[in-house]
Number of protein chains: 4
Amino acid sequence: MTSPVAQPASPRKQPRQARARATVDAILQASTRILQKHGLEKFNTNHIAEVAGVSVGTLYQYFPSKDAILIELIRQKRSQLRDALAEAAAQSVELTLEQALDNLLRVTIAHQLRWPMVGRTLDYAESFLPLADESLAFKRDLADIISTLLAKFAVPDAEMVARDLIFALNGLIEGILATQTADADQIFARAQILAHGYIRAAREN
Amino acid sequence: MTSPVAQPASPRKQPRQARARATVDAILQASTRILQKHGLEKFNTNHIAEVAGVSVGTLYQYFPSKDAILIELIRQKRSQLRDALAEAAAQSVELTLEQALDNLLRVTIAHQLRWPMVGRTLDYAESFLPLADESLAFKRDLADIISTLLAKFAVPDAEMVARDLIFALNGLIEGILATQTADADQIFARAQILAHGYIRAAREN
Amino acid sequence: MTSPVAQPASPRKQPRQARARATVDAILQASTRILQKHGLEKFNTNHIAEVAGVSVGTLYQYFPSKDAILIELIRQKRSQLRDALAEAAAQSVELTLEQALDNLLRVTIAHQLRWPMVGRTLDYAESFLPLADESLAFKRDLADIISTLLAKFAVPDAEMVARDLIFALNGLIEGILATQTADADQIFARAQILAHGYIRAAREN
Amino acid sequence: MTSPVAQPASPRKQPRQARARATVDAILQASTRILQKHGLEKFNTNHIAEVAGVSVGTLYQYFPSKDAILIELIRQKRSQLRDALAEAAAQSVELTLEQALDNLLRVTIAHQLRWPMVGRTLDYAESFLPLADESLAFKRDLADIISTLLAKFAVPDAEMVARDLIFALNGLIEGILATQTADADQIFARAQILAHGYIRAAREN
DNA sequence: GATGAATGAGGGTTCATTCAT
DNA sequence: GATGAATGAACCCTCATTCAT
């Protein structure tokens, strides 16, 4: 259920697969750029192939369908976020809850700022792709990272609080990005109030 | 819920006769049902007309394009939410901030629960429809309703806090609906913690 | 084969037909205006009815089909040209051939200048309307008027010369109108050279 | 007839492979046949593709729209006529004006006889296609070829005379073809009288 | 007679996918 | 492996015509 193609395990490239890897990357990068600039409307295989500098035929040698590209993009973005959060959590073991949360916040905001439109579009794409199980697993993974942290500080209902915090922050960040131009620091300041306030309330609940 | 029907997108024809009004309603209801069940994928004019029990030609007598139907749906849902929130706010003048917020929360949750998938889909549709100005105005309207309430209780930065609260709650509710089956009361309980916690933090900020 | 509705024989209007006459005129005038401004592309029954200020249903009470409107327009324009030429010929019995031709030329140019685009469009419409016999008869009528004149001055092959003169002048006038802005006098001057030159050559042939 | 194929409208794709070139030719030939037999009424992309023996999709790989096919046909026919006239003019340098004109006449008549109905239809199509500038340039080109010849023989107003001669001959030839069945020789005989007569008159003017 | 709502076949265009070269 | 020409189902939209009121 986790992405099969994701991070190359060993940096030692098998020579005969280097080209293939480059082609796949070109396709995925082209896809990202198209989604970012034009959304799903211009996201079609001919266009992707053209932007990626390969032929449609080649594209179909690496991806069995258009949806498979979306799925792979989703998996990549998820992997990136999951890994970044896990690393931030690992590096926060010595900190207070608030400090640890701030680190996670920064990571999340940085992730969303990278390709804001892609995030929104992939969120929607989830609704028609056959990813139900994988999506649940991903959300569980994220919730685990955060609930582990919360539990350490004796926040009750850590699992549910973690999920709700993720949902709320996601809504806040996407909302700000969709309506206003704000830099990472401004978003962070606003998200911090939300996160701290919510956690405090959850603690007392 | 008390809202009168909003002004149509850029209607081909104002429905003057009762029959015409019924036709427009049938088209909008069919559209809602299709979005709810199958999302944008099956949202095509032939299908809409078929489900509505009219011909495509008739559909195009009342809506200049497929997008115009989406726009009208968005306008209707927005009107409904705006009016319901305004009314709830009006009926909460005697209450404490927390009680007033709870009323608004209940209205919002009820609204989202009505057609959860439609809400998600229309949110995405906004990104490719020419609604920028209207969307800003709508968000301002909602923020106004809430910031007026917040200001009455001396919450600082009422305008921004109102917007962020809306974003966060929206994310929370959509998140819960997308992943889990939860009834209105359960969602309310979780949203309440978020709202109260955030407002308290905002007050002390 | 000649138009059934054409010129009202007696100016005494039958009261119960006055309204009908007005409706038919409105439709034909609207049709002319649309053809002049937008060609066959916007020439559709709904649009015609709208411009004429009547309902489509009413339009279909007076014309059995869209093509019937085109046919009636063609008949009207033809009647006008035929009558105007016949009258000009009748008034030219005392004149020289050149003077008589000039009168016919002026009539023809004035006719084309009235609705230049309509003329071009109806010429094309002839090619798909079932008017073969009528068109032949019309061309014969015009040729008769002119060949009678030519025969009076002993031009050989009067019939064929008449037809060819009409074709050539038609081409010249339409050509000038399509490419350049020229007033009636300028067109007349150029057409005169053509007509006189051609007739002199035909005489000597 | 010696003309190389003109540059395509605004081609989706330059046909690089032999197969592609054959496809484009098939589409253009099918288009010509349909226009010749049924006019613009049956000129629809599905029908064209069917007659050409390809799929609609293929048609749209080479032509961005239906109108683009008409435009390409117009360009081809114009190129053919322009080149044929230029060649005929070049081969007539030693001849008298009348002899040279006769050569041009023969070329023009042969051109019109090839696809008479196509000529008429494309003439009409010009009125709704975005070709204004190109059409002017084409008419100027033809006028240049002929006015150069006229000027050599000291015909006054050579430019205008050339244009008017073209218009008149075009009208004559199209008129004859539309009404009567006549072979090239008969048309030539009649056009000759017109051309010689007009030029003589223009000279004396 | 007049109205205008409704019909639905027809036609333009796109794009995911296949396959011969 | 790569290419890109070809396919055709699917979808948007129009407009001549009908018919209930």
Side-chain angles (χ1 to χ4, degrees), chain A residues 16 19-20 23 41-50 53-69, chain B residues 12-13 15-24 41-50 53-69, chain C residues 16 19-20 23 41-50 53-69, chain D residues 12-13 15-24 41-50 53-69:
Chain A
R16 88 191 82 162
R19 269 258 297 259
T23 302
E41 281 197 289
K42 297 258 167 133
F43 188 76
N44 69 67
T45 50
N46 290 292
H47 189 200
I48 296 168
E50 187 193 329
V54 301
S55 68
V56 227
T58 298
L59 184 154
Y60 272 88
Q61 292 220 334
Y62 292 100
F63 295 93
S65 71
K66 177 178 147 173
D67 282 356
I69 300 175
Chain B
R12 284 265 163 101
K13 180 185 290 186
R16 297 176 191 183
Q17 304 186 356
R19 182 165 52 146
R21 180 73 246 159
T23 299
V24 168
E41 281 199 292
K42 290 273 167 89
F43 189 76
N44 69 66
T45 53
N46 289 301
H47 190 201
I48 295 167
E50 188 190 330
V54 300
S55 66
V56 228
T58 296
L59 186 155
Y60 276 93
Q61 294 230 342
Y62 299 101
F63 296 94
S65 70
K66 180 177 135 164
D67 282 357
I69 302 176
Chain C
R16 88 191 83 166
R19 270 259 297 261
T23 301
E41 280 197 290
K42 298 257 169 138
F43 188 76
N44 69 67
T45 52
N46 289 294
H47 189 200
I48 296 168
E50 187 192 328
V54 301
S55 67
V56 226
T58 298
L59 184 154
Y60 272 88
Q61 291 220 333
Y62 292 100
F63 294 93
S65 72
K66 178 177 147 174
D67 282 357
I69 301 175
Chain D
R12 286 267 163 100
K13 179 185 291 188
R16 297 178 190 181
Q17 305 186 358
R19 181 164 55 144
R21 179 75 244 159
T23 300
V24 168
E41 281 199 290
K42 291 273 168 91
F43 188 77
N44 70 66
T45 52
N46 288 298
H47 189 201
I48 296 167
E50 188 192 329
V54 300
S55 66
V56 228
T58 295
L59 186 155
Y60 276 93
Q61 294 229 345
Y62 298 101
F63 296 94
S65 70
K66 179 175 136 166
D67 282 356
I69 302 177

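Chain letters run A, B, ... following the sequence lines, proteins first, then strands; residues in each count from 1.
F/dT21 and E/dG1 have their P atoms separated by 22 Å, given to the nearest Å.
Distances shown here put a side-chain N or O of D/Thr23 below 4.0 Å from the OP1 or OP2 atom of F/dA6. Regarding contacts with the backbone of E/dG4, every side-chain N or O of C/Ser55 stays at 4.0 angstrom or more from both OP1 and OP2. The phosphate of F/dC15 (OP1 or OP2) has no side-chain N or O of C/Thr45 nearer than 4.0 angstrom. Distances shorter than 4.0 Å separate none of the side-chain N or O atoms of B/Gln61 from OP1 or OP2 on E/dG4.
Here the side chain of D/Tyr62 is nearest to one of F/dA2, F/dA5, E/dT13, namely F/dA5. For A/Val54, whose side chain is taken as the heavy atoms from C-beta onward, the closest listed nucleotide among F/dA6, F/dA2, F/dT3 is F/dT3. Distances from the side chain of A/Tyr60 to the nucleotides E/dT17, F/dA16, F/dC12 place E/dT17 closest. Across E/dT3, F/dC11, E/dG12, the shortest atom-to-atom separation from the side chain of D/Lys66 is found for E/dG12. In the set E/dA2, F/dA16, E/dG12, the nucleotide with an atom closest to the side chain of C/Thr58 is E/dA2.
In this structure, C/Asn46 reaches the bases: a heavy-atom distance under 4.0 Å links it to at least one base atom across the strands shown. Base engagement by D/Val56 is indicated by at least one non-hydrogen atom pair under 4.0 Å involving a base atom.
Computed from coordinates, the B/Leu59 CG to F/dC13 P distance equals 10 Å when rounded to whole Å. Atoms CD1 (D/Ile48) and P (F/dA6) sit 16 Å apart, rounded to a whole Å. We find that CG of B/Asn44 is positioned 17 Å from P of E/dT14, with the value rounded to whole Å. As a whole-Å value, the separation of B/His47 NE2 from F/dA10 P is 13 Å. One can place CD of D/Glu41 at 15 Å from P of F/dC15, the figure rounded to the nearest angstrom. Atom CD1 of A/Ile69 and atom P of E/dC15 are 14 Å apart (whole Å). The distance from atom CD of B/Glu50 to atom P of F/dC13 is 18 Å, rounded to the nearest whole Å. In this structure, B/Phe63 places its CZ atom 12 Å from P of E/dA6, rounding to the nearest Å.
Taking 4.5 Å as the limit, every side-chain heavy atom of A/Thr45 sits out of range of all side-chain heavy atoms of A/Phe63. Contact annotation: the side chain of D/Tyr62 never approaches that of D/Ile69 to less than 4.5 Å [non-hydrogen atoms, C-beta and beyond].
Between A/Lys42 and A/His47, the shortest heavy-atom contact is O-ND1, 3.0 Å. Taking all atoms of both residues into account, the shortest heavy-atom contact from A/Phe43 to A/Lys66 is O-NZ, 2.8 Å. Minimum heavy-atom separation, D/Ala49 to D/Leu59: N-CD1, 4.0 Å.
Heavy-atom distances to DNA chain E give each of B/Gly53 and D/Lys42 a nearest nucleotide, and the one nearer the 5′ end belongs to B/Gly53. Of the two residues near DNA chain E, D/Phe43 and D/Gly57, the one whose nearest nucleotide lies more 5' is D/Phe43.
Under the Watson-Crick or G-U wobble criterion, with both distances below 3.5 Å, E/dT7 is paired with F/dA16.
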